[in-house]
Amino acid sequence: MEQVDLPRPGPGQVLVKMDAAPVNPSDLALLAGAYLERSYPFTPGLEGSGVVLAAGKGLLPALRMGKRVACSPPHGGDGTWADYMLTSAMNVAPLPRAVSSEQGAMMLVNPMTAMAFVHLAREGKHRAMVNNAAASSLGKMLIRITGKEGIPLINIVRKEEQVKALKELGAVHVLNSSSESFSGELSRLAKELDATLFLDAVAGSQSSVLLDAAPRGSTLIAYARLSGDPLVTDPGVLMLEEKKIEGFQLGNWFQNKGLLFKLGFLNSVKRLLSFELSSQVSRTYPLEKAGEAIAQYKAFMSEGKILLKIKS
Ligand SMILES: NC(=O)c1ccc[n+]([C@@H]2O[C@H](COP(=O)([O-])OP(=O)(O)OC[C@H]3O[C@@H](n4cnc5c(N)ncnc54)[C@H](OP(=O)(O)O)[C@@H]3O)[C@@H](O)[C@H]2O)c1
């Protein structure tokens with residue numbers, strides 16, 4: 001931790017007095033040098049919430065002045081694990097009064113991704129989906145949102161206790177990848193439900209199991225690398241069974257959308273934040289204890305988000 005001079009917002013920028021910021025898997029990857037190129041030292045934190053304290057020149061910064069916002073850092077810039085963050089006014093979204101700063105701090109990464117996956121399912125006319133690392137915050141959002149939208153979802157976890165926990169949350173289909181019958185059960189269920197969209201956060205050898213079990217013509221979307229390993233598959237599965245692999249990164253996906261779509265999409269996310277797209281917080285830590293917060297998060301990832309609360 002170090003003290004730095006308070007930056008002044010330039011044209012199109014705002015200065016946010018930070019309130020809260022979560023620890024996400026992308027933060028761990030960023031700190032380990034495995035995600036986005038950054039030179040050390042830098043301030044981590046890819047999302048958070050706060051209040052706009054100062055605005056640079058421009059209409060959008062002026063409109064955001066004084067607002068309670070969800071926020072993310074500028075491309076390649078310092079992040080949310082700080083007392084203050086300088087960012088583009090495009091990277092802040094005003095929070096409705098009903099949304100707490102805690103939930104608002106976790107609005108931009110997982111809720112938007114869960115909604116994007118539902119959008120991709122509809123766009124690709126997929127009847128059902130499969131998601132792994134399904135006891136994650138994002139996985140739990142997907143269970144609630146696909147339940148509301150009537151899209152069957154096959155959830156994959158790696159621990160038996162998570163099967164029960166997800167069923168209690170309302171999940172209908174939960175498979176344990178550690179069980180011996182896993183690949184057979186996945187293949188049978190995916191065929192039965194016509195699940196042709198496979199969301200893969202794990203990669204490594206699990207991608208190969210998913211692609212083998214996927215019905216002909218399925219798409220596997222690689223959206224993280226929790227195993228730490230490269231995605232493995234037999235090219236024959238892609239060539240002979242017309243299966244596809246695509247990558248998904250929220251920033252890239254959202255950036256390519258038109259303004260009207262973006263505004264409508266953000267409003268839908270905000271509307272669902274209090275239940276379907278809410279995140280459970282397991283513990284909060286002051287910013288000075290970020291190291292302890294990371295250790296706790298790494299050991300108990302499925303128990304909920306760890307939130308850094310920044311002193312007012
Ligand atoms: N591409 C994008 O734009 C994008 C956007 C949002 C999120 N994501 C990704 O979505 C995933 C979920 O994010 P989150 O914030 O919801 O996570 P989270 O709540 O922190 O939970 C992480 C989950 O990953 C599981 N996990 C960790 N290592 C694993 C492994 N090697 N094999 C199988 N499962 C493993 C954990 O289960 P255990 O209890 O079994 O450890 C836990 O349930 C992350 O990988 C994140 O990077 C990607």
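Reckoned from all heavy atoms, side chains included, excluding hydrogens, waters and symmetry mates. One-based numbering, in listed order, for ligands and for the atoms of each.
With a heavy-atom cut-off of 4.0 Å, V157 does not touch ligand 1 at all. Under 4.0 angstrom from ligand 1, there are no non-hydrogen atoms of Q206. Using a 4.0 Å cut-off between heavy atoms, V202 contacts ligand 1 through its side chain alone, with no backbone atom that close. Residue contacts with ligand 1, taken as heavy atom pairs separated by less than 4.0 Å, involve A224 solely via side-chain atoms from C-beta onward.
Per-residue contacts place A135 under 4.0 angstrom from the following atoms of ligand 1 (heavy atoms of the residue considered): 43 (O). Near L250, meaning under 4.0 Å from one of its heavy atoms, ligand 1 places the atoms 2 (C), 3 (O). Numbered from 1 in the order shown, with element, the atoms of ligand 1 that lie under 4.0 Å from a heavy atom of K305 read 14 (P), 15 (O), 17 (O), 18 (P), 19 (O), 20 (O). Of all atoms in ligand 1, numbered sequentially from 1 with element shown, those under 4.0 Å from a heavy atom of Y297 are 18 (P), 20 (O). For ligand 1, the atoms sitting less than 4.0 Å from at least one non-hydrogen atom of S227 are 31 (N), numbered in the order shown with element in parentheses.
Among P111, S302, A201, the residue whose heavy atom lies nearest to atom 42 (C) of ligand 1 is S302. When Y223, F254, F117 are ranked by how near their heavy atoms come to atom 48 (C) of ligand 1, first place goes to Y223. Across the listed options A203, S136, G251, S136 owns the non-hydrogen atom lying nearest to atom 17 (O) of ligand 1.
Between R158 and ligand 1, at least one N/O pair is under 3.5 Å apart. Considering backbone and side-chain N/O atoms, G139 never comes within less than 3.5 Å of an N/O atom of ligand 1. Polar contact with ligand 1: absent for Q249 (N/O pair, distance under 3.5 Å). The shortest N or O to N or O distance between L138 and ligand 1 is under 3.5 Å. Residue F248 has at least one N or O atom closer than 3.5 Å to an N or O atom of ligand 1.
Electrostatic pairing of K243 and E241 counts as a salt bridge here, judged by a charged N lying under 4.0 Å from a carboxylate O.
A donor atom on one side chain and an acceptor atom on the other are found under 3.5 Å apart for S101 and D19. Remark: the S302 side chain and the Q162 side chain contain an N/O donor-acceptor pair separated by less than 3.5 Å. Of the N and O atoms on the side chains of N131 and N155, not one donor lies less than 3.5 Å from an acceptor on the other residue.
At distances below 3.5 Å, not a single donor-acceptor pair connects side-chain atoms of R8 with backbone N or O atoms of A55. Judged purely by atom type and a 3.5 angstrom limit, R144 uses its side chain to pair as donor or acceptor with the backbone of F275.
R216 approaches L240 most closely through the heavy-atom pair NH2-O, 3.2 Å.
Take Y84 and apply the ring pair (Phe, Tyr, Trp, His ring centres under 6.0 Å) test, not counting sequence neighbours, and it matches no residue.
Shown here is R64, whose CZ atom has more than 12 heavy atoms of other residues, nucleotides or ligands within 6.0 Å. Under a cut-off of 6.0 angstrom, the local environment of NZ in K191 is sparse, with at most 12 non-hydrogen atoms contributed by other residues, nucleotides or ligands. Taking a 6.0 Å sphere around NZ of K298, one finds it holds 12 or fewer heavy atoms contributed by other residues, nucleotides or ligands.
In terms of protein heavy-atom proximity, atom 7 (C) of ligand 1 is closest to N110 OD1, 3.3 Å. The single protein non-hydrogen atom nearest to atom 19 (O) of ligand 1 is S137 N, 2.8 Å, given as residue, atom name and distance. Protein heavy atom closest to atom 38 (P) of ligand 1, with residue, atom name and distance, is K159 NZ, 3.3 Å. Looking from atom 5 (C) of ligand 1 to the surrounding protein, the closest heavy atom is T113 OG1, 3.1 Å. Here the heavy atom of the protein found nearest to atom 24 (O) of ligand 1 is L226 CD1, 3.4 Å. The protein heavy-atom contact nearest to atom 47 (O) of ligand 1 is P25 CB, 3.6 Å.
Under a hydrophobic clustering in which Ile, Leu, Val, Met, Phe, Trp and Tyr are joined whenever their side-chain heavy atoms come within less than 4.5 Å, directly or via other members, L108 and V281 fall into different clusters.
Of the residues listed (F198, F248, W253), the one engaging F117 in a ring pair (Phe, Tyr, Trp, His ring centres under 6.0 Å) is F248, and it is the only one. Among L120, N110, I145, the single residue meeting the side-chain contact (heavy atoms from CB on, under 4.5 Å) criterion with M115 is I145.
Assignment of Q162 to the shell around ligand 1 is supported, since a heavy atom sits closer than 4.0 Å.
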